[in-house]
Amino acid sequence: MARRTMSLLLLPRWSSRMFSVELDGEPVYFSIQEKSRGKEVSRVFSNVQNNDRCYSLLVCSSDRVEGAKFYAELKQKLLREMPKECALSPMCSFLPNVKDSLLKGYFLKDTSPSASLSERVLRELLQHEPVLVCSYLRGEDGQQWTQCLWKESDNRAVEMSRDFCVVPSEAPESHPATLNIINSDVFYNFEEACEVLKESADIIPEATSVLELLPSRVEARSKPDFPVIVIEGLDATGKTTLTESLKNALGATLLRSPPQCLSPLRARFDREPPLFRRAFYAVGNYITAEAIGQEGMKTPVIVDRFWHSTAAYAIATAVSGPVCNLPAEGSEVYRWPTDLLQPSLVVLLTLDPEERKRRLRDRGQGETAEEQELDHNQLFRLKVEEAYHRISGPACVTVDASPPADQVLQQVLLLIRGKCHL
Ligand SMILES: Nc1ncnc2c1ncn2[C@@H]1O[C@H](COP(=O)(O)OP(=O)(O)OP(=O)(O)O)[C@@H](O)[C@H]1O
Ligand SMILES: Nc1ccn([C@@H]2O[C@H](COP(=O)(O)O)[C@@H](O)[C@H]2O)c(=O)n1
């Protein structure tokens with residue numbers, strides 16, 4: 001019932017929506033108009049042959065947990081049930097500059113001989129799942145495409161609503177994913193991240209175990225007496241090596257985020273869709289912050305990954321395409337959470353990609369799916385690094401991690417002594 005309410009609510013602004021289909025990893029934008037102006041064909045349809053059929057499916061649930069879970073399952077469901085000749089491209093729809101207006105889904109190009117199977121699958125999805133379904137029809141001139149939003153009637157049959165013409169569109173000012181980053185991919189206070197875990201407890205029982213480990217609320221603590229130094233960087237840039245050496249050199253306490261107590265639950269959340277995975281890492285920072293608050297009264301504290309990692313990986317994953325698609329420097333998505341302890345210094349270790357790969361190979365350990373993505377996808381790696389640089393309050397200080405380990409240590413000790421008077 002919630003799904004239908006949402007669909008109807010969307011319709012009044014349906015014609016103001018923009019659409020984006022990922023072609024070769026790049027978003028291609030189009031919008032819809034009541035009357036066709038000009039004959040320009042959207043690039044989305046440039047390779048569609050006469051007998052091919054195109055559809056779009058957008059997940060629209062008023063319940064974010066249900067929506068996130070269903071979106072994650074949808075691809076497998078479509079691959080399983082649609083004709084094997086049906087190609088899927090990620091797509092989304094959004095109202096330009098309207099926060100939280102992003103709907104994610106798939107664009108389908110079906111080249112199978114008959115429409116019957118795909119239309120049956122889509123009809124069933126429309127009736128039972130939180131989705132909007134559209135089909136695209138080629139105009140009589142063979143050029144212009146129209147978009148028809150499907151709707152249910154009497155709980156069964158599928159009718160088409162009024163058609164709109166598809167027109168190519170310029171890229172919006174900011175990548176559409178930016179509209180939904182706050183509180184879906186990145187959480188800017190403890191309560192918001194906890195709320196996701198509470199809402200997801202029915203479908204992810206481990207969320208309850210995480211909640212039990214959390215402080216009941218985040219207390220406004222006074223700053224620790226000793227400096228707190230965070231070491232950040234992509235995997236295999238030398239964080240573990242450096243943090244261990246710093247611990248010994250400074251007589252410091254070494255902590256990490258996520259903290260040890262979350263280790264048994266980590267693999268479970270790494271398999272979950274971004275909403276849940278990011279909330280898990282977000283609350284991990286608050287557990288580590290509690291420990292920093294206590295240990296920082298006794299010794300300097302070194303922290304292996306903290307907030308910069310949580311936000312940078314989340315933003316880089318949410319935003320598709322090249323680095324220029326990231327939210328601009330100064331965007332609110334790069335701000336530090338209001339209630340999270342601020343370190344005295346954040347050091348970002350950077351490394352030439354080839355050397356990083358060599359160290360990964362030499363280490364010979366397994367990689368997480370996200371780490372494999374870093375290896376295979378140069379764009380993703382660049383986006384993570386750029387997002388690291390753009391996060392503020394505190395900003396990170398970059399250190400070249402390519403010299404031998406003892407030289408990197410000396411370089412960072414110099415920085416610490418300069419900044420933290422140790
Ligand atoms: N400065 C250095 N020069 C050469 N090799 C290094 C240097 N620092 C670390 N290494 C080696 O590179 C590999 C990766 O280092 P390390 O495990 O410290 O990275 P990491 O950033 O903690 O990785 P991850 O985030 O994946 O845990 C290790 O085999 C380590 O011995
Ligand atoms: N504070 C953190 C720490 C880590 N992450 C996520 O974990 C992955 C990298 O961690 P490794 O321990 O394998 O180096 C990466 O996928 C980050 O998304 C995080 O979000 N926040």
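Remember, it's 1-based here, ligands and their atoms both numbered in the order they're listed.
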Mind checking whether [X] has a heavy atom under 4.0 Å from ligand 1?
X: Pro403; value: yes
X: Gln407; value: no
X: Asp362; value: no
X: Gly233; value: no

### Task
Please say whether Gly238 places an N or O atom under 3.5 Å from an N or O atom belonging to ligand 1.
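Checking ligand 1 against Gly238, an N or O pair does fall under 3.5 Å apart.
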
### Query
Is the shortest N/O to N/O distance between Arg358 and ligand 1 below 3.5 Å?
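In fact, backbone or side chain, Arg358 has no N or O that close.
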
So between [options], whose heavy atom ends up nearest [atom]?
atom: atom 22 (O) of ligand 1; options: Leu351, Thr240, Thr243, Asp304; result: Thr240
atom: atom 30 (C) of ligand 1; options: Asp235, Leu234, Thr241; result: Thr241
atom: atom 12 (O) of ligand 1; options: Arg363, Arg359, Glu355; result: Arg359

Under 3.5 Å, is there a donor-acceptor pair between the [X] and [Y] side chains?
X: Ser61; Y: Asp63; result: no
X: Ser118; Y: Asp110; result: yes
X: Arg359; Y: Thr237; result: no

### Task
May I ask you to identify, for Pro404, whether its side chain, its backbone, both or neither come under 4.0 Å of ligand 1 on a heavy-atom basis?
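For Pro404, only backbone atoms sit under 4.0 Å from ligand 1.
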
### Query
Does Arg278 have a heavy atom less than 4.0 Å from any atom of ligand 2?
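Arg278 counts as a contact of ligand 2 under the 4.0 Å cut-off.
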
### Task
Run the contact test for Pro258 against ligand 2 with a 4.0 Å cut-off on heavy atoms, strictly below, and give the result.
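Yes, Pro258 has a heavy atom closer than 4.0 Å to ligand 2.
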
Write down the atom of [X], the atom of [Y], and the distance for their closest heavy-atom approach.
X: Pro227; Y: Ser344; result: CA-OG, 3.4 Å
X: Asp100; Y: Ile182; result: OD1-O, 4.4 Å
X: Lys383; Y: Val319; result: NZ-O, 2.6 Å

### Message
Checking the N or O distance criterion of under 3.5 Å, is ligand 2 in contact with Lys239?
### Response
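Looking only at distances, the answer is no, because the N/O contact criterion of under 3.5 Å is not met.
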
### Within-cut-off N or O pair, Arg305 and ligand 2, under 3.5 Å
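Right, the criterion is met.
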
As an exercise, identify every atom of ligand 1 less than 4.0 angstrom from a heavy atom of [X].
X: Arg305; answer: 25 (O)
X: Ala405; answer: 1 (N), 2 (C)
X: Ala401; answer: 1 (N)
X: Lys239; answer: 18 (O), 19 (O), 20 (P), 21 (O), 22 (O), 23 (O), 24 (P), 25 (O)

Side chains of residues 130-138: which donor-acceptor pairs under 3.5 Å do they make with residues two or more places apart or in other chains?
residue, atom, partner, partner atom, Å
Ser135, OG, Trp150, NE1, 2.9
Tyr136, OH, Ser56, OG, 2.9
Tyr136, OH, Gln147, NE2, 2.9
Arg138, NH1, Gly142, O, 3.4
Arg138, NH2, Val48, O, 2.8
Arg138, NH2, Gln49, O, 3.1

Just heavy atoms, cut-off under 4.0 Å: does [X] contact ligand 2 by side chain, backbone, both, or neither?
X: Arg266; result: side chain
X: Thr310; result: both
X: Phe306; result: backbone

### Query
What class does the angle between the rings of Tyr388 and His308 fall in, given that below 30° is parallel, 30 to 60° is tilted and above 60° is perpendicular?
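Parallel.
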
### Task
Give me the one residue out of Val59, Leu58, Leu57 that meets side-chain contact (heavy atoms from CB on, under 4.5 Å) with Leu103.
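Single pass found, and it is Leu58.
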
### Query
Can you list every pair that meets ring pair (Phe, Tyr, Trp, His ring centres under 6.0 Å) and has a residue in residues 172-199, with sequence neighbours left out?
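Applying ring pair (Phe, Tyr, Trp, His ring centres under 6.0 Å) to every pair that reaches into residues 172-199, excluding sequence neighbours, yields Tyr188-Trp307, Phe190-Tyr286.
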
### Task
Look at the side chain of Thr111 and the backbone N and O of Glu85, then say whether any donor-acceptor pair between them is shorter than 3.5 Å.
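The answer is yes, because a donor-acceptor pair under 3.5 Å joins these two groups.
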
#### Entry: Flag, side chain of Thr243 to backbone of Lys239, donor-acceptor distance under 3.5 Å
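Present.
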
### Task
Could you walk me through whether Phe30 and Phe107 pass the ring-ring contact (aromatic ring centres under 6.0 Å, His included) test, one step at a time?
CA-CA 13 Å; Phe30 67 84; Phe107 182 83; 7.3 Å; no

### Query
Should you measure from each heavy atom of Asn285, which atoms of ligand 2 turn up under 4.0 Å away?
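Going through ligand 2 atom by atom, the ones under 4.0 Å from Asn285 are 1 (N).
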
